[in-house]
Amino acid sequence: MKKEIIAMLLAGGQGSRLYVLTAHVAKPALPFGGKFRLIDFPLSNCSNSGIDTVGVLTQYQPHELNSYIGSGQPWDLDRLEGGVHILPPYIKGKAGTWYKGSANAIYQNISFIENYNPEYVLVLGGDHIYKMDYAIMLEQHKKTQADCTIPVIEVSVEEASRMGIMNVDENDVIFEFEEKPAKPKSTLASMGIYIFTWEKLKRYLIEDEANPKSKNDFGANIITSMLAGGEKMVAYRFSGYWRDVGTIDSLWEANMDMLSGSDIDLSSPAWRIYARNPIAPPHYVGDNATISHSLVTEGCSVYGGVFNSVLFNDVTVEQGAFVEYSIIMPGAVIERGAIVKYAIIAENAHIQSGAKVGSPPGEFAGPPEDWGVAVIASGVKIGPGKVVGAQEMADADLV
Amino acid sequence: MKNMHGILFAYSSNVRLKELTEHRTASSIPYGGRYRVIDFMLSNMVNAGITDIGVIMRENYQSLLDHLGSGRDWDLARKRGGLRLLPPFAYAGIRRDASTYRGKLEALYAVTSYIAYIRQEYVVLADGDLIVNLPLEEILERHMKAGADITCVCLDCESGQESDAYLRVGAEGRVSEVLLSGLDENTYPCIGVYLLSKSLLEGILADCAAHSFVNFTRDVLQRMQSRLNIAAYIHKGFSTRPQSVADYFKQSMNLLKPDVRNDLFSRSRPVKTKVRDEASTYYAPESRVKRSIVADGCVIKGELEDCVVFRGVTIDAGARLKNCILMQDTHIERDVDLSFAITDKEVRVTRGRALKGHESYPIAISKGSVV
């Protein structure tokens with residue numbers, strides 16, 4: 001069962017910078033953009049690029065993610081040969097350990113990869129929003145005879161100091177990798193996606209595993225040692241929409257981007273993002289509802305005001321409730337007279353009548369740099385008249 | 001106890017449905033923003049744990065085939081059983097020149113060999129163009145408890161529903177008389193859902209074939225009423241079977257009532273349909289929407305009041321729509337003024353056009369037309 005290329009999707013990270021949102025769910029299973037989960041983006045990209053074999057490495061809170069992926073059918077990844085496979089850590093003989101790092105996770109699954117005897121392996125993250133044809137990147141990888149191809153995106157100098165930066169020569173060959181440089185020499189940021197020639201990667205994974213001092217991390221260890229080893233590493237320039245949504249603010253901002261006609265079109269039939277669909281009727285807009293510059297989907301009932309917001313399936317906004325610049329995840333209820341501004345309301349949370357969640361930057365009393373969106377964790381109830389201010393997070397009922 | 005098999009009759013069409021059935025059979029008319037009519041009975045069966053369903057079709061079934069596919073969206077793509085499509089084929093008794101079956105019995109004769117292989121004890125017979133959310137599991141329980149031979153699902157006397165059979169019901173729900181018309185205050189209209197055992201069905205078919213009977217209500221329910229124990233199950237919820245364009249329009253507008261929506265789209269018995277992988281619907285700042293149901297994948301910049309909007313519809317700024325049904329991928333351009341209109345799939349109404357129908361005569365615009 002030979003495959004030219006297979007994908008390995010790193011989905012085991014805890015997503016600790018998303019705090020209460022990922023307390024009970026793996027980051028790639030987080031809802032995004034009204035109808036999707038984060039993992040829909042890499043899975044759909046694979047499917048649309050003609051990659052039909054994907055290993056999903058899970059470790060942290062995997063149940064919801066596992067049942068979401070299921071047979072892979074929504075992404076057309078239920079195949080006779082290949083398809084999507086969930087790969088949790090397992091016991092080998094008497095030993096067996098958790099995945100120690102992203103490189104170790106791939107290392108522990110060498111035998112899975114070898115089953116397909118691939119020429120190339122695509123390594124993906126589960127927390128990036130973008131549309132990319134990996135087949136075109138693979139063409140470049142083959143044409144440049146690279147050992148590793150890394151997609152990069154042009155960022156501002158300010159952003160560059162917060163990201164992994166690739167310094168390249170005139171042929172886009174990478175000669176240096178700097179993690180969060182104080183003084184960036186270039187503004188080409190790594191997108192955290194890699195195509196490796198499998199034979200090379202395998203050698204470096206085995207070497208890395210043998211080094212007790214290594215953190216077994218892709219960026220910090222594998223890429224660095226491949227560069228030191230003189231392997232041919234080439235940047236692949238990408239100019240479309242790409243966002244890392246690893247933090248509360250970036251998750252909120254990327255959702256807001258979906259409203260503004262940014263350069264990613266979620267509804268384009270040419271490159272669909274597939275998702276497992278909930279079974280719900282069309283949404284209903286009531287007599288006194290006002291919806292402006294917002295996304296609304298199946299199962300919602302809107303009787304109140306919704307402005308500049310993203311509503312997921314089965315959300316109820318009662319009459320007299322007011323929602324602005326917010327993300328309301330599946331099943332949440334915003335009761336009569338509740339006010340939600342600049343907030344993320346997680347699944348099945350319940351904002352009861354007259355409660356207030358979040359506030360705009362302009363109304364924030366503290367220093368502006370301390371402002372942030374308010375977050376209500378899944379299933380949490382905010383009682384009548386209770387207040388959750390900007391930047392605050394509620395992970396338990398407030399009644 | 002899930003010992004039921006489903007058979008859906010998807011061959012019927014009604015000439016009064018005009019444009020709506022120009023390209024399709026009545027069972028595959030779009031309804032309720034994201035469904036085809038057949039989704040309702042299919043989901044009723046699946047929600048009751050039925051795993052094997054046969055769909056009898058005769059003509060104009062291309063759109064139905066496209067919609068049903070392998071049955072996967074209803075969880076019916078199975079190795080054993082699952083969805084079985086039963087298009088017409090050449091059997092001894094077929095009337096080759098006819099475009100439809102004369103009755104349910106004739107349709108069932110055509111699939112006699114299929115019926116012989118049914119592995120469940122009970123069979124539910126139902127019309128594919130019936131819109132209702134039924135608890136079939138409960139109906140089977142009642143059927144067994146009452147020791148009935150046939151259970152007919154009907155509506156309350158006062159529902160005023162048109163039917164081809166009305167039942168007079170005696171003690172303990174037993175049917176005392178079957179009428180083919182003549183509605184009075186004490187007769188219950190049948191909605192065309194029947195539950196009986198496989199062995200009884202086979203016996204009835206053999207008997208009726210010998211007599212060349214074709215009509216289930218007249219030749220089975222009425223003729224055999226005295227020797228069979230026929231029970232009535234009275235359904236209190238919403239039910240309809242669109243008879244004409246105006247009726248379709250009225251029954252679609254009924255969905256804007258919360259009690260009808262809650263009944264038909266019950267959370268415990270959800271209606272499943274073909275997945276289209278659309279993104280969410282976008283409401284622009286200039287949009288104004290009231291009392292409407294809207295499916296996914298739409299871009300709404302205009303004004304809507306009392307509308308049913310299907311998947312992938314675009315409504316440009318300045319358009320004003322009242323009492324309209326807009327099917328999949330309709331495009332309404334700027335400053336269009338529409339009321340009491342039904343636009344079929346892929347209709348485009350160009351800039352500034354105004355069309356006004358009436359409740360009694362809504363305008364139906366055929367699939368793919370440009371106005």
Side-chain angles (χ1 to χ4, degrees), chain A residues 31-36 40 44 47 71 73-76 78 255 258-261 264-269 271-303 306-315 331, chain B residues 31-35 39 43 46-47 72-75 77 133 255-258 261-262 264-267 269-301 304-314 329:
Chain A
F32 182 84
K35 280 206 77 166
F36 310 98
D40 289 329
S44 301
S47 182
S71 67
Q73 183 269 319
W75 307 271
D76 213 10
D78 52 335
N255 271 284
M258 298 304 117
L259 292 173
S260 57
I264 187 165
D265 178 6
L266 294 180
S267 54
S268 105
W271 197 273
R272 274 203 199 283
I273 301 301
Y274 301 105
R276 189 174 287 280
N277 278 259
I279 299 170
H283 61 269
Y284 178 73
V285 184
D287 223 345
N288 300 306
T290 310
I291 308 177
S292 170
H293 195 48
S294 294
L295 290 173
V296 183
T297 184
E298 284 152 0
C300 290
S301 301
V302 181
Y303 300 91
V306 175
F307 301 85
N308 306 289
S309 293
V310 177
L311 268 49
F312 285 77
N313 60 284
D314 299 293
V315 163
Chain B
Y31 179 81
R34 65 187 294 254
Y35 305 97
D39 291 338
S43 300
V46 170
N47 288 335
R72 191 178 66 194
D73 290 316
W74 298 267
D75 213 11
N133 193 326
L255 285 173
L256 301 178
K257 299 175 186 158
R261 252 189 351 266
N262 291 341
L264 207 50
F265 302 126
S266 140
R267 294 277 145 149
R269 295 192 303 269
V271 186
K272 299 164 179 73
T273 188
K274 186 174 166 184
V275 167
R276 250 185 65 154
D277 291 299
E278 296 277 4
S280 299
T281 282
Y282 172 72
Y283 288 85
E286 63 268 37
S287 70
R288 275 173 43 201
V289 179
K290 272 182 194 303
R291 296 181 306 273
S292 293
I293 63 172
V294 185
D296 274 355
C298 301
V299 175
I300 297 175
K301 295 178 179 164
L304 292 173
E305 230 170 87
D306 300 296
C307 289
V308 176
V309 183
F310 285 72
R311 295 185 276 198
V313 168
T314 305
D329 303 315

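Sequence lines set the chain letters: A, B, ... in the order given, protein chains first and strands last, and positions in each chain run from 1.
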Completion exercise
Residues A:N277 and B:V275: closest non-hydrogen pair is ND2-CG1, 3.3 Å
Problem - Closest heavy-atom pair and its distance - A:L259, B:Y282 - result: O-CE1, 3.9 Å
Exercise for the section: Mind ranking B:S292, B:A279, B:G33, B:P270 by heavy-atom pairs under 4.5 Å with chain A and telling me who comes out on top? Expected result: B:S292
Handout entry: Structural part of A:T290 lying under 4.5 Å from a heavy atom of chain B
Key = neither
Exercise for the section: Find the distance between CZ (B:R311) and CD (A:E298) and round it off to the nearest 0.5 Å. Expected result: 6.5 Å
Problem - Note, A:V306 side chain near B:Y283 side chain (heavy atom, < 4.5 Å) - result: no
Problem - chain B contacts, top residue of A:V296, A:V310, A:I273, A:N313 (heavy-atom pairs, under 4.5 Å) - result: A:V296
Completion exercise
When rounded to the nearest 0.5 Å, the distance separating NZ of A:K35 from OG1 of B:T281 is 8.5 Å
Problem - Residue pair B:K290 / A:D287: nearest heavy atoms and the distance that separates them - result: NZ-O, 2.9 Å
Practice task
Please name the pair of heavy atoms, one in B:G32 and one in A:P282, separated by the smallest distance, quoted to 0.1 Å.
Solution key: O-CG, 3.2 Å
Problem - Under 4.5 Å from any heavy atom of chain A - which part of B:Y35 - result: side chain
Problem - Option that, when pairs with chain B are counted at under 4.5 Å, heavy atom only, ranks first among A:A275, A:S268, A:G34, A:P281 - result: A:P281
Exercise for the section: Spell out, as yes or no, whether a donor-acceptor pair under 3.5 Å connects the side chain of B:R34 to the backbone of A:A280. Expected result: yes
Fill in the blank from the handout: When every non-hydrogen atom of A:R272 is compared with those of B:D277, the smallest separation belongs to NH1-O, 3.2 Å
Practice task
Check whether A:Y303 gets within reach of chain B through its side chain, its backbone, both or neither, counting any heavy atom under 4.5 Å.
Solution key: side chain
Practice task
Kindly compute the distance separating SG (A:C300) from CG (B:D296), expressed to the nearest 0.5 Å.
Solution key: 9.0 Å
Problem - Heavy atoms from other residues, nucleotides or ligands near CZ of B:R288 exceed 12 (cutoff 6.0 Å) - result: no
Completion exercise
A:Y284 and B:L256 have their tightest heavy-atom pair at OH-O, 3.8 Å
Problem - Pairwise distance OG(B:S280) to NE2(A:H283) - rounded to 0.5 angstrom - result: 9.0 Å
Practice task
Please flag which part of B:R276 lies under 4.5 Å from any non-hydrogen atom of chain A: side chain, backbone, both or neither.
Solution key: backbone
Exercise for the section: Drop me the distance from A:I279's CD1 to B:R269's CZ, to the nearest 0.5 angstrom. Expected result: 14.5 Å
